[in-house]
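Values below: all heavy atoms of this structure, side chains included; hydrogens, waters and symmetry mates excluded. Since the model is a prediction, treat every value here as computed from it, not as a measurement. If you read the sequence from its start, that first residue is 1, and numbering goes on from there.
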Amino acid sequence: MNQQIANQLQQGFQLLQNERLLDAQQVFEDILKVDPLNEHGLNLLGVVFIQLQQADQAILMLEKALTVNNQDTQTYNNLGLAYKELYQFKKAQEAFNSSLTLNPEQAQTLNNLGNVLAAQDQHKLAALSFDEALKLDANYPECLSNFAQSLKELGNLDIALKAIDQANHLVPNNSYFLNVRGEIQLAKVDYENARQTFEKSITIDNYMPACINLSTALKQLGHYVKAKECLQAAIKQEPNNSEAHNHLGVLQEQLGDFDAAATSFRMALKHTPNHASSFYQLAKLKHQMLTLTEVEKIAELLADNATPSIFRASLLFALGVYYDKEKQYTLAIKNYANAQRIKAEKCPYNANLTEQYRVLMETVMPAVSGDVCMAQVHPIFIIGMPRSGTSLAEQILASHSQVFGAGELSYINDLLKKAEQITNSPYPHCLTKLSQVQLTELGGQYKRRMLETFGEHAYFTDKNPLNYNFVGFIKAILPDAKFVYCQRDAADNCLSIFKLPFDDSQGYAHDLNALGHYYREHERLMALWTGLYNEDIITLIYEAVVDNQPKETARLLDCLGLDYEQATERFYQTHRIVMTPSAEQVRQPIYKTSINSWQKYGDAVQPLLQALKQYR
């Protein structure tokens, strides 16, 4: 290489370092006019194009550089970054792996590989990549933050918190790292500390994601007006922020303002036309219909190979709802099935684990405490399969003057983790090692948390349907607990789940055969609990409520020791936030269209019907 080109490369590199990108581009292009195959000029020009957000041009330069020298680790790394910018994650992954094959000890490239894996929801592999990077450089703050986020997605929240705390220690007062910390606290259901963390992030530089996340923490703490004001302030600051509009729409829907919710979702789509979540949220509003233009846009996004799978699922669910409303049921179920197939690939259902858990519950039973703590507070747990009428049951009860509907809580899961920590034993074996005093104290923690969060009420409902798995534990720590067990026709119940984008981790929800198996296993487990605690479990059959709601409500209230109130017949007029997919349904009078609704989908539901029969 002649000295003049060497000097030009140095000059261009300095300009690149100083972010004078267009000047750097001119220098590197001048070099390539003289020496078209100068690998350093090609590589650095590729970097310039990446920073100018011209990833297509970057790829042309970098791939040309590799034809000159296919042994350069940095060129492969830069190529991976260019493909990542275009959401071509597989190609990005290949490029990073090529770089690491040449030199495995590259913390930055390992971090880049982890980011690409995380973008594909492959968080286990991503976490391994971040971990390898941190072995090379333990004080790599960005990698610690990325590691924390993948650990959060995997449910390893305590380790995630340690990782992000180390990043915050290395770079104090970093709004991004603080926001990640707050998100982990949200996942830990530590809403008050999450609120404080987001507020600290905002005070640094008014970081917008922290503003949006703060609204979630406020909502979970019951400060709905403040949550709404927080989002409105964010939108005033950034009118084109689609996430803020989408979050506001979700909150408006949960508060029962459905027209305003539709407007917010469409504002999100105006500013980000590929905002998949807003398409789905808009589609599922009962009195809204996607326009033909919106449907065409969804089809266009689905036809684009660059659309990530996590977005594709939301778009397919949106189409499923659209075709349901159009009464094109064959197309509707086809789109639901395609959406669930994406989720099932990530989290396949494990039938053996479900069966093993039920058998374990039959053999490992906790002792029931004889002590009732805080006897003036009466917890009511609404349990059963999701979509079995649990939201309706809570809305009816919350319409009673003595009952506070606390919504879908994770308090029992939190106490299970504490039981594991106290006994140093995994669940459920930890349950047999708790003393009577410890059981009573755990029950006291539950009730105190209810009172601290929601105020003084005599009766609380905790509507987490999957708490049916933990009835034995709940009775052990809260011997005065009552349960409302919601049941619904098996086929209707399972199909209703299948039509919704349940969390990826709920593997049973993503396959019709799996749903049939899981439903029957849930029946067996509930038979165990009903046999043990028959007097405290009230079965509420959805079809019976639909047929005669006042009669079933009177029976329910009588079993709970409550007087009948006329307001429970007008449950749909009760003003409260509902943070479940049933937010709109429970604000309407009883309707019968959901009964035997599975029949309209024809042969497509045969795998479900066969599974329900097979596993009966």
Side-chain angles (χ1 to χ4, degrees), residues 145 148-149 151-152 155-169 172-204 206-234 244 247-248 250-251 254-255 373-374 377 379 404-419 421-422 441-457 460-464 467 477 576-580:
S145 173
Q149 291 176 79
L151 288 170
K152 175 176 75 72
N156 298 330
L157 301 179
D158 291 331
I159 304 174
L161 201 55
K162 289 179 182 177
I164 197 60
D165 282 346
Q166 177 65 6
N168 278 301
H169 173 72
N173 297 319
N174 181 290
S175 60
Y176 177 84
F177 293 160
L178 283 167
N179 181 63
V180 173
R181 187 177 199 273
E183 289 179 344
I184 295 167
Q185 290 169 322
L186 276 183
K188 286 174 68 70
V189 201
D190 187 0
Y191 299 128
E192 180 54 36
N193 280 321
R195 179 187 66 79
Q196 293 175 25
T197 302
F198 292 133
E199 287 176 346
K200 185 176 179 181
S201 174
I202 293 164
T203 59
I204 295 169
N206 210 25
Y207 186 51
M208 186 55 61
C211 296
I212 296 169
N213 283 328
L214 175 60
S215 73
T216 300
L218 290 168
K219 179 170 70 172
Q220 294 292 351
L221 288 166
H223 306 319
Y224 313 128
V225 174
K226 288 183 179 179
K228 188 175 180 179
E229 290 171 350
C230 183
L231 289 169
Q232 289 171 332
H247 275 69
L248 179 59
V250 170
L251 177 59
Q254 291 169 340
L255 290 168
C373 58
M374 303 170 66
V377 180
F404 181 83
E408 201 160 308
L409 307 175
S410 66
Y411 296 0
I412 293 302
N413 280 292
D414 298 340
L415 291 173
L416 280 169
K417 290 174 185 174
K418 286 193 175 182
Q421 294 167 0
I422 291 168
E441 171 56 23
L442 287 170
Q445 288 180 33
Y446 178 90
K447 290 188 176 182
R448 284 193 295 274
R449 189 172 179 182
M450 277 289 199
L451 293 175
E452 289 166 3
T453 304
F454 303 109
E456 295 285 338
H457 299 278
F460 291 88
T461 62
D462 181 336
K463 189 209 79 72
N464 187 332
N467 273 341
I477 66 172
R576 54 184 286 270
I577 194 165
V578 181
M579 291 187 282
T580 73

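- A donor-acceptor contact shorter than 3.5 Å links the side chain of Ser201 to the backbone of Ser175.
- Taking 4.5 Å as the limit, some side-chain heavy atom of Tyr411 sits within range of a side-chain heavy atom of Met450.
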Under 3.5 Å donor-acceptor pairs involving side-chain atoms of residues 157-165, not counting sequence neighbours:
residue	atom	partner	partner atom	Å
Asp158	OD1	Lys188	NZ	2.6
Asp165	OD1	Arg181	NE	2.5

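- Looking at heavy atoms from C-beta onward, Thr461 lies out of side-chain contact with Phe404 at the 4.5 angstrom threshold.
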Checking side chain to side chain contact (heavy atoms under 4.5 Å, CB included) for the pair Phe198/Gln185: CA distance, chi angles, key distance, verdict? CA-CA 10 Å; Phe198 292 133; Gln185 290 169 322; over 6 Å; no

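- Annotation: side chain of Tyr207 is not in contact with side chain of Ile202 (no heavy-atom distance under 4.5 Å).
- Annotation: side chain of Lys219 is not in contact with side chain of Leu231 (no heavy-atom distance under 4.5 Å).
- Contact annotation: the side chain of Asp414 never approaches that of Tyr446 to less than 4.5 Å [non-hydrogen atoms, C-beta and beyond].
- When atom types are taken as modelled, the side chain of Lys447 and the backbone of Cys373 share a donor-acceptor pair closer than 3.5 angstrom.
- Legend: residues meeting side chain to side chain contact (heavy atoms under 4.5 Å, CB included) with His169, ordered by chain and number and at least two apart, are Gln166.
- At least one side-chain heavy atom of Lys200 sits under 4.5 Å from a side-chain heavy atom of Asn173.
- The pair Arg195-Glu192 meets the salt-bridge criterion, since a charged nitrogen lies less than 4.0 angstrom from a carboxylate oxygen.
- Formation of a donor-acceptor pair under 3.5 Å by the Asn464 side chain with backbone atoms of Leu409 is found in this model.
- Between Met374 and Arg448, some side-chain heavy-atom pair lies under the 4.5 Å cut-off.
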